[in-house]
2 protein chains.
Amino acid sequence: MSSLKTDRIYQGNCVEVLDSLPAASVDVIFADPPYNLQLGGELLRPNNSRVDGVDDDWDRFQGFADYDDFTKGWLTACRRVLKDTGTLWVIGSYHNIFRVGTVLQDLGFWVLNDVVWRKTNPMPNFRGTRFTNAHETLLWCSTGPEARYTFNYEAMKALNDGLQMRSDWSLPLCTGPERLKDEAGRKLHPTQKPESLLHRVILASSNPGDVVLDPFLGSGTSAAVAKRLCRRWIGIEQDPDYVAAARARIQAVRSVDDPALCATPRKRAEPRIPFGTVVERGLLAPGTVLSDASGRWSARVRADGTLISADHRGSIHQVGAAVQGAPACNGWTFWHMRVEGDQTLVPIDLLRQRLRAEMTGGGTGESEAAGEALQ
Amino acid sequence: MSSLKTDRIYQGNCVEVLDSLPAASVDVIFADPPYNLQLGGELLRPNNSRVDGVDDDWDRFQGFADYDDFTKGWLTACRRVLKDTGTLWVIGSYHNIFRVGTVLQDLGFWVLNDVVWRKTNPMPNFRGTRFTNAHETLLWCSTGPEARYTFNYEAMKALNDGLQMRSDWSLPLCTGPERLKDEAGRKLHPTQKPESLLHRVILASSNPGDVVLDPFLGSGTSAAVAKRLCRRWIGIEQDPDYVAAARARIQAVRSVDDPALCATPRKRAEPRIPFGTVVERGLLAPGTVLSDASGRWSARVRADGTLISADHRGSIHQVGAAVQGAPACNGWTFWHMRVEGDQTLVPIDLLRQRLRAEMTGGGTGESEAAGEALQ
DNA sequence: TACTGACTTGAATCGTAAC
DNA sequence: GGTTACGATTCAAGTCAGT
């Protein structure tokens with residue numbers, strides 16, 4: 001059996017590359033396969049601008065049977081390289097996710113959760129013909145009903161401010177500076193996923209040093225996040241342009257300097273923001289040093305949204321209380337960060353306020369949000 | 001062909017009952033089928049206990065294959081009784097929804113949306129082994145890619161405080177007084193759905209007087225809500241105890257006294273008014289100059305109800321599109337006229353509203369007043 | 001510098017009555 | 001049944017120019 005080479009992109013057909021890798025050598029597979037969209041003609045917005053739909057060659061299939069064969073092929077190859085203790089994630093929409101789920105189950109994979117990525121800023125339905133398609137679905141599977149697997153329950157609970165992480169995740173689309181652009185300033189890849197999504201996926205189901213494989217690497221989001229979180233990674237991608245862009249992107253990523261920070265603790269009226277969300281959304285990098293206003297105590301940020309100080313570990317509130325020897329502490333106002341190019345310390349509550357502003361800015365499109373706005 | 005009898009529960013096997021009903025007679029089907037592997041004896045072979053199976057792979061395959069057959073059976077029967085313009089809803093979880101979705105698509109149903117029911121109060125995952133399973137999935141399908149169907153867009157938008165209704169719905173579980181109890185105070189049915197969920201389903205996809213059928217009626221939620229919303233209804237249920245409980249429950253429901261309160265009028269359904277009628281009726285004199293809201297473009301009204309601008313001639317829509325160089329244009333809202341004794345520009349749509357108010361007799365008073373103000 | 005407003009964009013299965 | 005023409009339809013974020 002050959003040894004596995006990690007931290008590299010293989011250019012080529014994913015089944016062929018997978019078949020060339022040693023069996024049972026990968027801990028987590030994250031797959032974002034073509035969705036088999038079946039778009040009609042062009043679609044115009046009410047302002048007559050054209051919607052840039054996905055019409056790439058890689059998303060053309062003859063029909064469901066063709067797509068099922070394709071799915072069976074790459075899932076079978078994935079199963080071989082996956083350790084018995086490994087897990088598999090697949091993301092998709094209603095166009096393909098039922099096909100994928102059925103094939104998965106037929107191949108013996110065991111669904112642990114279906115997770116809903118609830119988009120905070122989806123594209124509307126311009127013609128008023130259906131419900132706004134505002135989510136995508138991730139399937140998370142083990143290799144069988146009896147298989148052991150990695151689930152960092154405490155990390156997920158901490159990331160959700162002490163409440164169990166649910167099967168629905170509200171996260172924004174990948175836009176702004178995070179979105180890779182080509183020389184002409186157009187989006188490089190039509191379906192680039194947000195890093196916050198992969199942050200949660202990888203943190204939940206792997207440990208530092210584990211191997212994360214992506215058979216449809218695309219713009220390289222999964223590998224970039226895996227590298228930052230001190231996991232080993234393997235990407236497979238057919239398109240040379242995507243490979244080149246992903247290589248450059250991943251190259252620029254710095255791993256969190258201490259892997260321990262990447263492994264694995266409420267207010268009422270206002271929407272509660274877990275501190276983990278601040279980290280996940282990239283407003284504060286794991287490893288960042290926080291201190292209190294006087295600079296007497298300090299602690300470092302971990303990827304799951306907990307803090308670690310010289311003697312204590314836990315939520316921003318727990319560590320804040322512990323270092324002071326106090327019974328309780330509001331970590332949001334106790335802990336401060338240093339502003340770039342400035343010596344002043346500002347409370348991390350500013351970051352929470354920024355996220356709250358986003359949430360309440362225009363409503364989330366659900367009546368629940370409307371209810372909150374009334375309070 | 002026999003005529004359809006509505007507003008009643010049929011006790012029996014759902015496929016047999018469905019096969020006894022006339023074809024193409026139902027507008028909406030809502031189905032809450034068994035969630036796989038916990039089915040009655042007729043679906044699992046007696047010697048194939050899932051837990052103690054001799055061969056896991058074989059057992060699992062048999063389990064899914066049987067479930068797929070079961071699904072194919074009732075969905076085929078549903079397709080026959082459903083009108084071509086009808087739609088089908090199925091609710092499920094990750095245990096069965098991929099099987100259902102695949103069978104649906106293979107039978108030619110066309111998925112319009114997958115809707116996520118996000119539970120505001122889900123049961124936690126007590127063992128901390130997975131994400132809290134906090135949602136269920138509904139599939140909404142038409143009978144084919146070209147089929148027309150009912151979607152009350154405006155009603156859904158109104159229900160969501162003026163924003164398009166999204167594909168994720170946050171609603172609480174059925175608890176409290178709404179939950180049916182037996183004599184001993186235990187819950188009568190293990191999976192009773194909340195009425196709020198059915199309210200949204202039925203309001204979205206049917207009109208007063210339409211026939212709503214539920215092949216797995218259970219505690220009768222769908223029929224109860226259908227009756228309240230002035231729809232006709234049909235329920236099919238095998239278990240005599242559930243039938244009795246559902247009959248009593250539905251009997252106690254009072255329909256909304258005015259069916260008009262259970263429908264939101266569609267803009268598309270309003271009577272079409274040719275622009276020529278506006279001229280013909282003297283609401284706008286030939287030769288009148290119209291302009292867009294900004295005053296950038298202008299055109300003159302001809303006696304035949306067409307417009308003529310410097311370079312273009314045709315309908316209000318055609319000239320509006322042509323002057324802008326746009327692919328399409330709604331002339332009613334694009335073109336404006338000057339109000340006498342005032343410098344403000346108002347859209348000519350006001351004139352159409354005035355004619356429509358005349359046609360419907362009383363009108364709302366609002367549009368009539370608006371029309372009078374123009375004189 | 002901060003704010004405003006116009007413009008752009010995102011995995012999209014996106015119309016239908018009348019002739 | 002095919003063709004024509006009406007005329008209905010968008011939310012959250014990010015970017016950028018102008019004040």
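Order of the sequence lines fixes the chain letters, A, B, ..., with proteins taken first and strands second; residue numbering starts at 1 for each chain.
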For Pro122(A) and Thr132(A) the tightest heavy-atom approach is CG-CG2, 4.1 Å

Q.
What's Pro33(A) touching, base or sugar-phosphate or nothing? Going by heavy atoms closer than 4.0 Å.
A. base

Next item on the list: Using a heavy-atom cut-off of under 4.0 Å over every strand shown, decide if Asn133(A) touches base, sugar-phosphate, or nothing.
Entry: sugar-phosphate

Sticking with atom P, work out how far dA17(C) lies from dT9(D), rounded to a whole angstrom.
14 Å

pair_partner(dG2(D)), Watson-Crick or wobble, both distances < 3.5 Å, evaluates to dC19(C)

So Glu270(B), base contact, sugar-phosphate only, or nothing? Heavy-atom distance under 4.0 Å. nothing

Taking atom CZ of Arg300(B) as the centre, does the number of heavy atoms from other residues, nucleotides or ligands within less than 6.0 Å exceed 12? no

Expected label for dT13(C) (glycosidic angle, syn inside 90° of 0, else anti) would be syn

**Prompt:** Cut-off 3.5 Å, side chains only: do Gln318(B) and Arg313(B) have a donor facing an acceptor?
**Reply:** no

Does either side chain, that of Ser291(B) or that of His336(B), offer a donor lying less than 3.5 Å from an acceptor on the other one? no

Task: C1' spacing across the pair dC16(D) / dT1(C), given as an integer number of angstrom - done: 16 Å

By nearest-nucleotide position on DNA chain D, the 5'-leaning member of Pro327(B) and Asn125(A) is Pro327(B)

### Message
Could you check whether the side chain of Arg127(A) and the base of dT10(D) have a donor-acceptor pair of N or O atoms closer than 3.5 Å, going by distance alone?
### Response
no

Subject >> Lys83(B) atom NZ, over 12 foreign heavy atoms within 6.0 Å >> reply: yes

Applying the 3.5 Å cut-off to both distances, the Watson-Crick or G-U partner of dT9(C) turns out to be dA12(D)

Fill in: Interatomic distance at C1', dA18(C) relative to dC14(C), whole Å
22 Å

For this session: Could you check whether Asn36(A) gets within reach of a base, just the sugar-phosphate, or nothing at all, counting any heavy atom under 4.0 Å?
Result: nothing

To the nearest angstrom, the NE2-C1' distance between His317(B) and dG7(D) comes to 5 Å

Note to self: Please classify the nucleic acid contact of Pro122(A) as base, sugar-phosphate, or nothing, using heavy-atom distances under 4.0 Å.
What the structure shows: base

Judged by nearest nucleotide, the residue sitting upstream toward the 5' end of DNA chain D, Pro271(B) or Phe126(A), is Pro271(B)

Checking only heavy atoms, does the side chain of Arg179(A) share a donor-acceptor pair with the base of dG14(D) at less than 3.5 Å?
-> no

Practice prompt. Tell me what Asp55(A) touches on the nucleic acid: a base, only sugar-phosphate, or nothing, going by heavy atoms under 4.0 Å.
Written response: nothing

Check your understanding: For dC7(C), does either OP1 or OP2 sit under 4.0 Å from a side-chain N or O belonging to Ser49(A)?
Key -> no

*With a 4.0 Å cut-off on heavy atoms, is Cys174(A) in touch with a base, just the backbone sugar-phosphate, or nothing at all?*
nothing

**Message:** For a quick check of understanding: with a heavy-atom distance under 4.0 Å over all strands, which category does Lys193(A) fall into, base, sugar-phosphate or nothing?
**Reply:** base

**OP:** Could you check whether Thr175(A) gets within reach of a base, just the sugar-phosphate, or nothing at all, counting any heavy atom under 4.0 Å?
**Re:** sugar-phosphate

